[in-house]
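Accompanying notes for the structure given below.
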Amino acid sequence: MSSLAFNTLNEKQHEAVTTLEGPILIIAGAGSGKTRVITYRIANMLESGIPQSQILALTFTNKAAKEMEERVKELTGKKLQNLTISTFHAFGVKILRQDIEMLGWRSNFSIYDDVDRNQLIKETGRELGFTADALDVYKIGSLFSNIKIGRWDWESANDQYRKLYEEYQSGLKLYNAVDFDDLIGLPIKLFREFPEVLQKYRDRYKYIMVDEFQDTSIQQYLLMHAIADRNVAVVGDDDQSIYSWRGANYENILMFERDFPGVREIRLEQNYRSTETILAAANGVISNNTNRKDKALWSGNGSGKPIEIFMPENESAEADFICEMIQSLCISEKRSYGDFGVLIRANTLTRAIEEGFLQANIPYTVSGGTSFFQRKEIKDIISYLRVISNHDDDINLLRIINTPRRGIGRKTIEQINEIAKNQKCSLWTSINALISAQESPLADKMKIELESFVNMITEQRSLLLGGKGLAKKVRAMVDTVNYMDYLMQEYQKNEKAARFKFLNIEHLITSIDTWENNPDNFDTGLYAYLNRITLISRDDMEDDSLKGKVSLMTIHASKGLEFPVVFIAGAEEGLIPHARSLEEGDGNVEEERRLFYVAITRARDKLFISACRKRRKMQNVVDCTPSPFLDEIPANLVEYHEPQGEVSDDMALNILASMKNKFTM
DNA sequence: TTTTCTATCAGCAAC
DNA sequence: TGATAGAAAA
């Protein structure tokens, strides 16, 4: 008898969980128990005797992958050593580490994130003699990305950057590095050119699942399609497609039906998450979209409380409002801080709200934005590790060669670069050539500096690559390079900042420690660690730290999550829909609406929305209008709190007191 | 030649 | 507000 509690599934869910053979398309509305269906389905496969090694589940975020794995582990009580649950990108890395040598890279290649990529574009562009205004790396970066993911081609794009693109590509190869888009693109290339490699994967994976299918790009679809035989289950919801700017293409659903004949479609339409009020609001909004599959999402959770819309004077009043609400709900409804999610459209909006939290002493975590791993001090340390593991990684070498300051400045680097360019070699090789050259153009002093840098890296390499205890060794390395002294010196005038950065590094080392002591982790080497962290952009390093804290994040980052109480802050025209999306055409407005829909449907019990009347933008204060989407919420579900005009402090306190009263009843 | 200081510019979403 | 490029100072 199966130990799985199938009786807790509804009829449709049950169908999805027990249909293991053949292609299926699961249309899963918001809150319809999608994650549950996927985890039960995997557990069911395992119970039916399908070996772990044959199962491949692809997700969008690390968070989702991790959560899925944990839930399957709970359900089955098994060790999951051979089960592959990973993000598309992590799966790509896995393939490339195995076989990238066939494409001319070495298997210890570095993975460049956007910052690294833009840096490389800038360097390459300068060499090619682009002027500063033609070298908008942000734009060029996204152009290149769009080319790589197959959204644009050179016919339609701006040709003047074509040469730069080619140089950029050969730069990557020279430095033994790949960028994020390559993590999907190169495996496809590998499969095309070396069918025997593809066959390995086709032989292994017999059951494939894809989560958030509406957000997969054409390339990701192709990667999946290359491996898949016919037992493929894709799960998605076209109303929650919010990544078209990253190449998501909901026409993949049509392609899927074409490429896999006999698709069985299963619709999950019962929402288990939200109150009827919240769901009706969401449905009211999304029904304004023309381009969608019609759906009848319903909830049996009772009508619940009305949605409240506030119009604070400015962003700091908004922050105060959110803080007050959270604190009064903690008392009146015995909520804990972990019950709240505060959602925003753009990372720049976090500041005011964070300040509010700090002032009110409310514990919180921010995810997305300048994530932990994007912080300068963390990137520096990671750059050391990357150069230690891959000497030819020029971008990371440049980052650290003079950090902390070693007196190796622009002129010296130019000379190194010159040699590298002439010899078509990496900077590392070029430095070594300079050191051992008899007649060198460099001053002796510089030679000594460079030599000690090279020796330090080489020494660290032999230390870090052998044996156990990575965390300890990293700490020793940080000491060896005197990084802490460097911080103190650089931030003399701002001791707080220095202390903060100091702590971040401690944090990093602790996280390495927990990582290597995790019993589920069999490879605790440096490569494995670097492998893992390049793909983590959100701070899902410590799960337990999330408990008891208010979550502050972008709407994009909130996908797949839920909170008992949700605040949507900054619901203003120009933010949602974002001003940029209006410039680009009306398809984008529909995506903005879907984004707003995703935000609403994160809420279980109660939803607050706020739209400021004025907001600081850059240096000046701008008048704001509420988002037009607010009018699309049926009026009977909403309590509007109109602005009172200028409110004196006394009055504000009174209003607060009465609000608190209302919630203590 | 390298470091430090000052002025200027620009800001959507993420693996 | 932060990052970055160019100018002045060491």
Side-chain angles (χ1 to χ4, degrees), chain A residues 58-65 86-93 111-115 117-119 122 126 132-133 135-139 141-142 145 148-149 178-184 212 215-217 219-220 241-248 343-352 354-355 367-371 373-376 402 404-415 442-443 445-446 449 489-490 492-493 497 533-538 540 553-559 570 574-584 588 591-592 594-595 598-599 616-619:
Chain A
L58 295 168
T59 64
F60 225 65
T61 62
N62 295 296
K63 230 179 213 162
S86 86
T87 63
F88 269 101
H89 288 84
F91 184 59
V93 173
I111 301 165
Y112 280 6
D113 67 13
D114 288 7
V115 182
R117 178 192 67 187
N118 290 351
Q119 193 68 36
K122 194 188 271 173
R126 282 202 186 130
D133 9 312
L135 207 59
D136 183 338
V137 286
Y138 188 79
K139 269 199 189 133
S142 70
S145 179
K148 276 201 182 178
I149 62 181
V178 302
D179 65 22
F180 269 129
D181 300 315
D182 289 333
L183 296 180
I184 312 296
E212 308 283 8
D215 283 329
T216 51
S217 65
Q219 297 246 296
Q220 287 167 332
S241 165
I242 54 176
Y243 280 99
S244 73
W245 48 274
R246 217 176 80 193
L343 308 184
I344 48 184
R345 173 65 230 265
N347 282 307
T348 42
L349 308 184
T350 51
R351 188 170 304 134
E354 275 192 81
E355 276 167 13
S367 38
T370 316
S371 81
F373 288 99
Q374 309 253 36
R375 301 214 139 103
K376 185 184 175 306
N402 204 27
R405 302 226 138 89
R406 299 187 173 88
I408 304 172
R410 223 182 76 216
K411 263 277 140 52
T412 314
I413 290 170
E414 255 167 36
Q415 281 174 308
L442 289 177
K445 190 170 147 266
M446 203 54 70
E449 288 293 350
Q489 202 203 327
E490 288 290 296
Q492 283 167 346
K493 288 172 198 141
I533 56 161
T534 6
L535 296 171
I536 293 181
S537 59
R538 304 216 197 110
D540 53 1
M553 62 180 77
T554 65
I555 303 173
H556 281 90
S558 76
K559 196 165 76 140
L575 282 171
I576 189 163
H578 197 274
R580 290 232 183 162
S581 73
L582 297 173
E583 290 162 19
E584 285 162 17
N588 294 25
E591 175 146 325
E592 295 288 309
R594 289 195 292 271
L595 195 55
V598 167
R616 268 191 65 156
K617 270 183 190 162
M618 292 192 237
Q619 279 93 332

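No hydrogens, no waters, no symmetry mates; every other heavy atom, side chains included, goes into these values. In what follows, chains carry the letters A, B, and so on, assigned in the order in which the sequence lines appear, proteins first and then strands, with residues in each chain numbered from 1.
Following rounding to the nearest Å, A:Asn347 (CG) and B:dC12 (P) show an atom-to-atom distance of 10 Å. Whole-Å rounding puts the A:His89 NE2 to B:dA14 C1' distance at 9 Å. We find that CD1 of A:Ile344 is positioned 10 Å from P of B:dA14, with the value rounded to whole Å. Atom CG in A:Asn402 sits roughly 8 Å away from atom P in B:dT2 (whole-Å rounding). Rounded to whole Å, the distance from OH on A:Tyr138 to P on B:dC9 is 20 Å. Taking atom CD1 of A:Ile184 as the reference point, atom P of B:dA14 lies 17 Å away to the nearest angstrom. Here B:dA10 presents its P atom at 10 Å from NZ of A:Lys139, a figure rounded to the nearest Å. Between the CG atom of A:Leu349 and the P atom of B:dC12 there is a distance of 11 Å, rounded to whole Å.
Both A:Arg246 and A:Asp136 lie near DNA chain B, and the one whose nearest nucleotide falls closer to the 5' end is A:Asp136. Along DNA chain B, the nucleotide nearest to A:Phe88 and the one nearest to A:Ala346 differ in position, and the one closer to the 5' end is contacted by A:Ala346.
Across B:dT2, B:dT3, B:dA14, the shortest atom-to-atom separation from the side chain of A:Thr412 is found for B:dT2. Minimum atom distance to the side chain of A:His578 is reached by B:dC12, of the listed B:dC12, B:dA13, B:dT4. When distances are taken from the side chain of A:Arg345 to each of B:dA14, B:dT2, B:dC12, the shortest belongs to B:dC12.
By the ring-ring contact (aromatic ring centres under 6.0 Å, His included) test, A:Phe60 is found to be paired with A:Tyr243, residues two or more places apart in sequence or in another chain being considered. For A:Phe91, the ring-ring contact (aromatic ring centres under 6.0 Å, His included) partners at least two apart in sequence or on another chain are A:Tyr205. For the side-chain hydrogen bond (donor to acceptor under 3.5 Å, both in side chains) test, residues two or more places apart in sequence or in another chain that qualify with A:Lys376 are A:Asp380, A:Tyr486. Scanning for side-chain contact (heavy atoms from CB on, under 4.5 Å) contacts around A:Ala90 gives A:Ser86, A:Thr87, A:Leu535, with sequence neighbours left out. Taking A:Glu355 as the reference, A:Arg351 meet the side-chain contact (heavy atoms from CB on, under 4.5 Å) condition, with sequence neighbours excluded.
Using a 4.0 Å heavy-atom distance criterion, A:Phe60 is classed as a sugar-phosphate-only contact. A:Lys376 comes within contact range of no nucleotide atom at all, as no heavy-atom separation falls under 4.0 Å. Among the heavy atoms of the strands, none lies under 4.0 Å from A:Asp181.
In this structure, A:Asp181 contributes its side chain and A:Ile149 its backbone to no donor-acceptor pair below 3.5 Å. Judged by distance alone, with hydrogens and angles left aside, the side-chain atoms of A:Glu212 form no donor-acceptor pair with the main-chain N or O of A:Thr59 at under 3.5 Å.
Ring-base stacking between A:Trp245 and B:dA13 is satisfied, the centre separation being under 5.5 Å and the plane angle under 30°.
Neither OP1 nor OP2 of B:dC12 sits under 4.0 Å from any side-chain N or O of A:Thr554.
First and last contacts of DNA chain C with chain A, using any nucleotide atom under 4.0 Å from a protein heavy atom and ordered 5' to 3', fall at C:dT1 to C:dA5.
Salt bridge status for A:Lys148 with A:Asp179: present, with a side-chain N to carboxylate O gap under 4.0 Å.
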